[in-house]
Visitor: 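I am attaching a structure below and will ask some questions about it afterwards.
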Amino acid sequence: MFRNIGVVGAGTMGRSIAEMLAAKGLDVHLTEKTSEKLKLAMEAIETSLDRQIEKWAITQAEKKLIMNRIHTEPSLELLAGCELVIETISEDLESKQAVFAQLDAILPETTVIASNTSTLSLTELAGSTRHPRRIIGMHFVYPAVRIDVVEIIRGLQTSDETFRATKDFVENVLDKKGVMVYESPGFVTTRLICLLINEALHLLEEGVASAEDIDDSMRVGYSFQHGPLEMADRFGLDSVLTALDRMFREYGELKYRPSILLKKKVRAGQLGVKTGVGFFTYNKDGDRQT
């Protein structure tokens, strides 16, 4: 069973996954290109844990245990002792392939290498390695600490053993629902939620309803935790745009073409929670301002 887990990339998703793994009692080795990014990531994880303490979700002692389980590593070579490595860098095929090739050269053949990609081909990523049988997709939904589903994606050459070990880990160690998905751009969650967000953007562009009322319609009417526009803010508008762009290129269907409003927001640097403003405004703790 996987106990030592490597996480490559300390961005929003990497931090969330690292925090979740450590909260499950696992040793996490978090790596980034620079020590500054690692420092910022650890500060963000600590802030997240402090917010949970304020809400009586965890204790100070639990926070200390979680922080102590996360080890920052300045290079990929230091992940050599991990039984599972999860890659969480930005959705760029060449960058991910370069990381996979490096990990493949460093890690023992028994180590499973997973990608948190939401849109890219696992078969293509595995093609940059000498051991494609151990490559698999583990797509967590943000925030990984609270969302209890993981899409498990097999590449063409992913072995049954890799799939079984990954599914067992997701369901019995992480206590999340593992959903097997066949390789397809956007898989299930990204494909469906991005279409919902894009349609909400069209409604807003057309002046059918305000951002507040569009979100209230779905939140109250269909028991969504957040409406589609606040979801986009929480995912990051740049991430939503990247996913829609890639699905539009892959499928060639107009329904995936990103809204002009989304592009304008991203160009303006209004990316949602991470910049404090998107379709709504947020404080430094990520809470929505009224």
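What's counted below: heavy atoms across the whole structure, side chains too, no hydrogens, waters or symmetry copies. All figures in this text were calculated on a predicted structure; none of them were measured in a lab.
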Visitor: Is the side chain of K177 donor-acceptor paired with the backbone N or O of E171 at a distance under 3.5 Å, no angle test?
Guide: no
Visitor: Determine, for R257 against D245, whether the closest basic-nitrogen to carboxylate-oxygen distance falls under 4.0 angstrom.
Guide: no
Visitor: Would you say V266 and I197 are hydrophobically clustered, going by side-chain heavy atoms of ILVMFWY under 4.5 Å?
Guide: yes
Visitor: Only one of L78, V28, D27 passes side chain to side chain contact (heavy atoms under 4.5 Å, CB included) with H71; say which it is.
Guide: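 It is D27, the one option of L78, V28, D27 that forms the side chain to side chain contact (heavy atoms under 4.5 Å, CB included) with H71.
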Visitor: State, with a plain yes or no, whether a side-chain heavy atom of K176 is found less than 4.5 Å away from one of V149.
Guide: no
Visitor: When V112 is tested against each of V85, L84, I5, T158 for side chain to side chain contact (heavy atoms under 4.5 Å, CB included), which residue passes?
Guide: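 The side chain to side chain contact (heavy atoms under 4.5 Å, CB included) with V112 is passed solely by L84 among V85, L84, I5, T158.
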Visitor: I'd like to check C82 versus H29 (side-chain heavy atoms, cut-off strictly below 4.5 Å). Are they in contact?
Guide: yes
Visitor: Step by step, work out the side chain to side chain donor-acceptor pair (under 3.5 Å) result for S121 and E183.
Guide: CA-CA 7 Å; S121 161; E183 190 173 292; 2.7 Å; yes
Visitor: Ignoring hydrogens, what is the shortest heavy-atom contact between A57 and E62? Give both atom names and the distance.
Guide: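 Looks like O-OE1, 4.5 Å.
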Visitor: Looking at I136, L21, I113, which hits side chain to side chain contact (heavy atoms under 4.5 Å, CB included) with I86?
Guide: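 Answer to the side chain to side chain contact (heavy atoms under 4.5 Å, CB included) test with I86 among I136, L21, I113: L21.
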Visitor: Could you walk me through whether S184 and Y251 satisfy the side chain to side chain donor-acceptor pair (under 3.5 Å) test, starting with their C-alpha distance in whole Å, then the side-chain angles of each, then the deciding distance to 0.1 Å, before giving a yes or no?
Guide: CA-CA 10 Å; S184 173; Y251 292 114; 2.7 Å; yes
Visitor: Please say whether more than 12 non-hydrogen atoms of neighbouring residues, nucleotides or ligands are located less than 6.0 Å from NZ in K255.
Guide: yes
Visitor: Just verifying a value: how many Å separate L156 CG and I135 CD1, rounded to the nearest 0.5 Å?
Guide: 13.5 Å
Visitor: Check whether any side-chain heavy atom of M138 sits under 4.5 Å from a side-chain heavy atom of T166, and report yes or no.
Guide: yes
Visitor: Are the side chain of T275 and the backbone N or O of Q270 linked by a donor-acceptor pair below 3.5 Å?
Guide: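 Answer holds: no.
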Visitor: Would V141 and L120 show up in the same hydrophobic cluster when neighbours are defined by side-chain heavy atoms closer than 4.5 Å?
Guide: yes
Visitor: Can you tell whether the side chains of D233 and K274 come within less than 4.0 Å, N to carboxylate O?
Guide: no
Visitor: Looking at K39 and E43, is there a salt bridge between them, counting it only when a charged N and a carboxylate O are closer than 4.0 Å?
Guide: yes
Visitor: Apply ring-ring contact (aromatic ring centres under 6.0 Å, His included) to F224 and list each qualifying residue two or more places apart in sequence or on a separate chain.
Guide: none
Visitor: Testing T123, D160, T162 one by one against R154 for a side-chain hydrogen bond (donor to acceptor under 3.5 Å, both in side chains), which residue passes?
Guide: D160
Visitor: Side chains of R246 and P185: closer than 4.5 Å at any heavy-atom pair?
Guide: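 They are not in contact (no side-chain heavy atoms under 4.5 Å apart), so the answer is no.
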Visitor: Please report the shortest heavy-atom distance between Y182 and I153, naming the atom on each side.
Guide: C-CG2, 4.5 Å
Visitor: State whether Y282 and R288 meet the cation-pi test: NZ (Lys) or CZ (Arg) under 6.0 Å from the six-membered ring centroid, and within 45° of the perpendicular axis.
Guide: no
Visitor: Please indicate whether R146 has more than 12 foreign heavy atoms, meaning atoms of other residues, nucleotides or ligands, lying under 6.0 Å from its CZ.
Guide: no
Visitor: Would you say that more than 12 heavy atoms from the other residues, nucleotides or ligands in this model lie under 6.0 Å from the CD of E109, or not?
Guide: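 Incorrect, the count does not exceed 12.
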Visitor: Less than 4.5 Å apart, any side-chain heavy atom of F279 and any of L261?
Guide: yes
Visitor: Scan K284, K63, K64 and name whichever one has a salt bridge (charged side-chain N to carboxylate O under 4.0 Å, His left out) with D50.
Guide: K63
Visitor: Do NZ/NE/NH1/NH2 and the carboxylate oxygens of K96 and E87 come within less than 4.0 Å?
Guide: yes
Visitor: Do I58 and M20 belong to the same hydrophobic cluster, where Ile, Leu, Val, Met, Phe, Trp and Tyr are linked whenever their side-chain heavy atoms lie under 4.5 Å apart, directly or via other members?
Guide: yes
Visitor: Testing the basics here: between T88 and G14, what is the closest heavy-atom pair and its distance to 0.1 Å?
Guide: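 Scanning both residues completely, I find the closest heavy atoms to be OG1-CA, 3.4 Å.
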Visitor: Going by heavy atoms in the side chains, are P132 and T129 under 4.5 Å from each other?
Guide: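 Yes, at least one pair of side-chain atoms sits under 4.5 Å.
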Visitor: Taking C-beta and beyond as the side chain, do L201 and N198 meet within less than 4.5 Å on heavy atoms?
Guide: yes
Visitor: Can F235 be reached from F187 by stepping across I, L, V, M, F, W or Y side chains whose heavy atoms are under 4.5 Å apart?
Guide: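 No, because F187 and F235 fall into different hydrophobic clusters, even though each may have its own neighbours under 4.5 Å.
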Visitor: Any chain of hydrophobic side-chain contacts (each under 4.5 Å) joining I147 to V170?
Guide: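 Different clusters.
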